[in-house]
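Below: one structure, written as structure tokens.
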Amino acid sequence: YVDDREWCGIVNGKDTLDGALIKSLEEPFRRRYKVDSTTAEMRREMIIAASEPYRIVEEARKRGYDTLPGVVDRLDYLWHTKAKALILQKRRGNESYDPSDAAIEKYYNDHIDEYVVEKPLTIQHLKVKDSALAVFLHAQAQTGIELYDLALDYGEAQGYDVKFEDVGKIGEKDVDRGYYRAALRVRDGSIADLATTPKGYFVIKVLERQRSKTLPSVTGTIRGILRRIDQRRAWMDFRDSLYQEYDVKFPGELRNVSVPVLSERKDLR
């Protein structure tokens with residue numbers, strides 16, 4: 001029933017065994033002796049068992065094993081790793097930080113180009129003057145015939161006013177409203193409804209459509225980003241205060257490194 005920090009044994013007048021260590025052996029000893037509760041004699045045996053690693057270390061020191069290069073290097077590594085772990089315990093920011101809706105919306109608006117595609121449609125079309133021919137070519141395009149081939153067959157070959165244009169990316173402000181609405185209604189690789197505009201009739205093929213991401217659809221993603229930014233800020237503040245506390249300086253400047261062109265590099269294989 002002793003406190004976890006209470007001394008239960010002293011090994012070679014140097015190392016101490018505390019209550020927490022002895023208590024950890026209680027269940028294994030109960031299983032070993034098949035009892036519900038250990039006796040005083042068993043507990044004395046537990047103290048001796050707990051002291052064994054310390055006694056081995058003391059014996060190794062007497063024999064000079066702690067001066068062997070490999071052991072010294074390992075000990076330095078363990079001390080460094082433990083010290084670093086203790087120092088880094090304070091590195092994290094507020095683990096419960098939850099960005100507000102206003103902060104999320106501000107991030108979304110500040111990075112609007114990442115979420116809202118200004119020119120979401122990649123387009124090819126045929127521009128046709130005659131309405132009847134436009135209806136016919138639209139039907140032909142829907143069967144899978146390429147617009148370029150239709151322009152060759154009915155434009156150059158037969159003399160109709162049919163022009164093929166590989167338009168590329170467009171947005172709502174780049175074309176007539178009816179044209180754009182027709183293109184928005186179809187999936188990638190599909191032929192849109194025939195578009196009638198003041199400039200003529202258009203048989204439109206939508207090669208690709210990129211969708212914008214609304215604020216509600218990316219709220220969770222942005223919340224994670226803001227949390228990582230907060231953690232990064234906390235880390236930088238921690239690092240700077242640590243450097244200041246221990247007067248850490250980086251003398252000199254990094255030298256400029258020039259990488260030779262590929263043809264001048266040595267074969268390192």
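As the structure is a computational prediction, the values presented were derived from the model and not from experiment.
Separating the CG atom in Leu194 from the CG atom in Leu137 is a distance of 9.5 Å, to the nearest 0.5 Å. The line from CG of Asp149 to CD of Gln140 is 11.5 Å long, rounded to the nearest 0.5 Å. Between the CG atom of Leu242 and the CG atom of Leu88 there is a distance of 8.0 Å, given to the nearest 0.5 Å. To the nearest 0.5 angstrom, Ile204 atom CD1 is 10.0 Å from Arg185 atom CZ. Between atom CG of residue Asp166 and atom OH of residue Tyr148 there is a gap of 11.0 Å, rounded to the nearest 0.5 Å. Note: Tyr54 OH to Thr16 OG1 = 7.0 Å, rounded to the nearest 0.5 Å.
Heavy atoms of other residues, nucleotides or ligands lying less than 6.0 angstrom from NZ of Lys129 number 12 at most. The local environment of CD in Glu114 is crowded, with over 12 non-hydrogen atoms from other residues, nucleotides or ligands closer than 6.0 Å. For Arg181, the CZ atom counts as loosely surrounded, since its 6.0 Å shell holds 12 or fewer non-hydrogen atoms of other residues, nucleotides or ligands. Around CD of Glu172, the count of heavy atoms belonging to other residues, nucleotides or ligands within 6.0 Å does not exceed 12. Within a 6.0 Å radius of CD in Gln244, no more than 12 heavy atoms belonging to other residues, nucleotides or ligands are found.
Listed for the Asp240 side chain is no donor-acceptor partner under 3.5 Å among the backbone atoms of Asp237. Although no hydrogens or angles enter the test, the distance criterion places no donor-acceptor pair under 3.5 Å between the side chain of Asn12 and the main chain of Lys14.
Val72 places none of its side-chain heavy atoms less than 4.5 Å from the side chain of Leu75. Looking only at side-chain heavy atoms (C-beta outward), Tyr180 and Ile170 come within less than 4.5 Å of each other. Proximity of Leu25 to Met42: side-chain heavy atoms (C-beta onward) are nowhere separated by under 4.5 Å. Side-chain contact check for Tyr108 versus Val116: some heavy-atom pair is nearer than 4.5 Å. Side-chain contact between Lys213 and Thr221 is absent, with no heavy-atom pair separated by less than 4.5 Å. In this structure, Ile229 and Tyr107 have side chains that are in contact, with non-hydrogen atoms separated by less than 4.5 Å. Contact annotation: the side chain of Val162 never approaches that of Leu150 to less than 4.5 Å [non-hydrogen atoms, C-beta and beyond]. Between Leu184 and Arg209 the shortest side-chain heavy-atom distance falls below 4.5 Å.
In this structure, Thr214 and Ser217 approach most closely via the heavy-atom pair O-OG, 2.7 Å. Taking both residues in full, the closest heavy atoms of Leu126 and Leu147 are given as CD2-O, 3.3 Å, listed atom of the first, atom of the second, then distance. Counting all heavy atoms, side chain and backbone alike, Ala182 lies closest to Ala192 at O-CB, 3.4 Å. Smallest separation of non-hydrogen atoms from Ala141 and Val203: CB-CG1, 3.9 Å. Summarising the geometry of Ile47 relative to Cys8, their closest heavy-atom pair is CD1-O, 3.3 Å, with the distance given to 0.1 Å. When all heavy atoms of Gly19 and Val2 are compared, the closest pair comes out as CA-CG2, 4.3 Å.
A salt bridge does not link Lys199 to Asp176: none of the charged nitrogens lies less than 4.0 Å from a carboxylate oxygen. With salt bridges taken as basic N to acidic carboxylate O contacts below 4.0 Å, none links Asp230 and Arg227. Contact check on Lys127 versus Asp161 returns no salt bridge, with no Lys/Arg side-chain nitrogen under 4.0 Å from an Asp/Glu carboxylate oxygen. Residues Lys23 and Glu26 are not paired through a salt bridge, judged by the lack of any N-O separation under 4.0 Å between the basic side chain and the carboxylate. Between Glu59 and Arg55 no salt bridge is recorded (no basic side-chain N to carboxylate O distance below 4.0 Å).
Put simply, Val128 and Phe136 are part of the same group of oily side chains (I, L, V, M, F, W, Y) that touch within less than 4.5 Å, one to the next. Taken together through direct or relayed side-chain contacts under 4.5 Å among Ile, Leu, Val, Met, Phe, Trp and Tyr, Ile145 and Val206 form parts of separate hydrophobic clusters. A continuous path of Ile, Leu, Val, Met, Phe, Trp and Tyr side chains, each step under 4.5 Å between heavy atoms, connects Ile112 with Ile222, placing both in one hydrophobic cluster. In the hydrophobic clustering of ILVMFWY residues, with side-chain heavy atoms under 4.5 Å counting as a link, Ile48 and Ile10 come out apart. With hydrophobic clusters built from ILVMFWY side chains whose heavy atoms lie under 4.5 angstrom apart, Phe164 shares a cluster with Val135.
Taking the six-membered ring for Trp, Tyr115 and His111 have ring centres at least 6.0 Å apart. Remark: aromatic rings of Tyr179 and His125 are close, center separation under 6.0 Å.
By the 6.0 Å and 45° rule, Arg32 stacks over the aromatic ring of Phe29.
Among Arg43, Glu27, Glu45, Arg30, the single residue meeting the side-chain hydrogen bond (donor to acceptor under 3.5 Å, both in side chains) criterion with Thr38 is Arg43.
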* Take Arg232 and Met236 through the side-chain contact (heavy atoms from CB on, under 4.5 Å) test and state the conclusion after the steps. => CA-CA 6 Å; Arg232 178 63 178 171; Met236 298 297 285; 3.6 Å; yes

* To do: Decide yes or no on side-chain contact (heavy atoms from CB on, under 4.5 Å) for Leu215 and Ile104, but give the supporting numbers first.
  => CA-CA 9 Å; Leu215 177 57; Ile104 292 172; 4.1 Å; yes

